[in-house]
Amino acid sequence: MAQGIEAAWVALEQLSREDVCRRADARFDPELNAYLLKCFGQEIGVYPGKREIKGESPVAVLLLGKLRYFFELAILRYLSGASAVPLSGLMVRPAELKGGRLFEGGSHVLPLEKIARKYGADVPGFLARGLELGGEK
């Protein structure tokens, strides 16, 4: 996994800040030398020079603590590979996205079955939690 994280940092560092910000809907703060973006409704800072990712909210602390194994590579891959295209309105599985197979197999499998078990037919509960995390219906 460390090699994947290292490669993701290197890929991000090789891109122009303007391009990353445009494609990923992020902003770059030159004083902090960091990309700032909303992720799950939380303000996240990605500091390429320090190779650090930070956030202060309770959800950000969870993402960067207990869930770091999933989150770190995902946010780095997002910043380096996002496309500025309009939403299609279609639901896609992670494996259908460029580089998304990583999150359905191997060391970064997302706990999709656990989420499905938790919410089952509770569509209102699922939607409410998604909205709390910055999602849109």
K.L.:
Report yes if some heavy atom in the side chain of Glu72 is under 4.5 Å from a heavy atom in the side chain of Ile5; otherwise report no.
P.N.:
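A side-chain contact under 4.5 Å exists here.
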
K.L.:
Look up atom CG in Asn33 and atom CZ in Arg17, then write down how far apart they are to the nearest 0.5 Å.
P.N.:
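It is 5.0 Å, given to the nearest 0.5 Å.
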
K.L.:
Enumerate the residue pairs fulfilling ring pair (Phe, Tyr, Trp, His ring centres under 6.0 Å) with a member in residues 22-61, sequence neighbours excluded, ordered by first and then second residue.
P.N.:
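Sorted pair list: Phe28-Tyr35.
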
K.L.:
Which atom names give the shortest non-hydrogen contact between Pro48 and Leu12, and what distance separates them?
P.N.:
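That closest heavy-atom pairing would be CG-CD2, 4.3 Å.
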
K.L.:
Could you note down all residue pairs passing ring pair (Phe, Tyr, Trp, His ring centres under 6.0 Å) where residues 77-98 supplies at least one of them, sequence neighbours left out?
P.N.:
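As it turns out, there is no ring pair (Phe, Tyr, Trp, His ring centres under 6.0 Å) pair with a partner in residues 77-98 once direct neighbours are skipped.
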
K.L.:
Applying salt bridge (Lys or Arg N to Asp or Glu O under 4.0 Å), which residue pairs with at least one partner in residues 23-35 are found, sequence neighbours left out?
P.N.:
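Sorted pair list: Asp19-Arg23, Arg27-Glu43.
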
K.L.:
Side chains of Phe71 and Lys66: does their closest heavy-atom pair fall under 4.5 Å?
P.N.:
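No, every pair of side-chain atoms sits at 4.5 Å or beyond.
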
K.L.:
Within the 4.5 Å heavy-atom criterion, are Val46 and Leu36 side-chain neighbours or not?
P.N.:
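When only atoms from C-beta onward are counted, Leu36 and Val46 do not touch, as no gap falls below 4.5 Å.
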
K.L.:
Taking the hydrophobic residues Ile, Leu, Val, Met, Phe, Trp and Tyr, and joining any pair whose side-chain heavy atoms are under 4.5 Å apart, which ones share a cluster with Val61?
P.N.:
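None; Val61 is a cluster of one.
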
K.L.:
Looking at every non-hydrogen atom in both residues, tell me the closest pair between Leu73 and Gly4 and how far apart they are.
P.N.:
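It is CD1-O, 3.6 Å.
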
K.L.:
Quick one: does Ser80's side chain get under 4.5 Å of Val20's, heavy atoms only?
P.N.:
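Contact flag for Ser80/Val20 side chains = no.
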
K.L.:
Could you list all the salt bridge (Lys or Arg N to Asp or Glu O under 4.0 Å) pairs where at least one residue sits in residues 50-59, not counting sequence neighbours?
P.N.:
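Output for this query lists Glu6-Arg51, Glu13-Arg51, Glu52-Lys54.
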
K.L.:
Rest of the hydrophobic cluster containing Val85 (Ile/Leu/Val/Met/Phe/Trp/Tyr, side-chain heavy atoms under 4.5 Å)?
P.N.:
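Via sub-4.5 Å side-chain contacts, Val85 links to none.
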
K.L.:
Counting C-beta onward and ignoring hydrogens, is there a side-chain heavy-atom pair between Leu63 and Ile53 closer than 4.5 Å?
P.N.:
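Result no, sub-4.5 Å side-chain heavy-atom pair not found.
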
K.L.:
Please find the pair of heavy atoms, one from Ile44 and one from Ala60, that lie closest to each other, and give the distance.
P.N.:
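Looks like CD1-CB, 3.8 Å.
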
K.L.:
Side-chain donor-acceptor pairs under 3.5 Å in residues 117-132, sequence neighbours left out?
P.N.:
| from | atom 1 | to | atom 2 | distance (Å) |
| --- | --- | --- | --- | --- |
| Asp122 | OD1 | Gly125 | N | 2.8 |
| Arg129 | NH1 | Glu132 | OE1 | 2.8 |

K.L.:
Are Val59 and Ile115 grouped together when hydrophobic residues (ILVMFWY) are joined by side-chain heavy atoms under 4.5 angstrom apart?
P.N.:
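Different clusters.
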
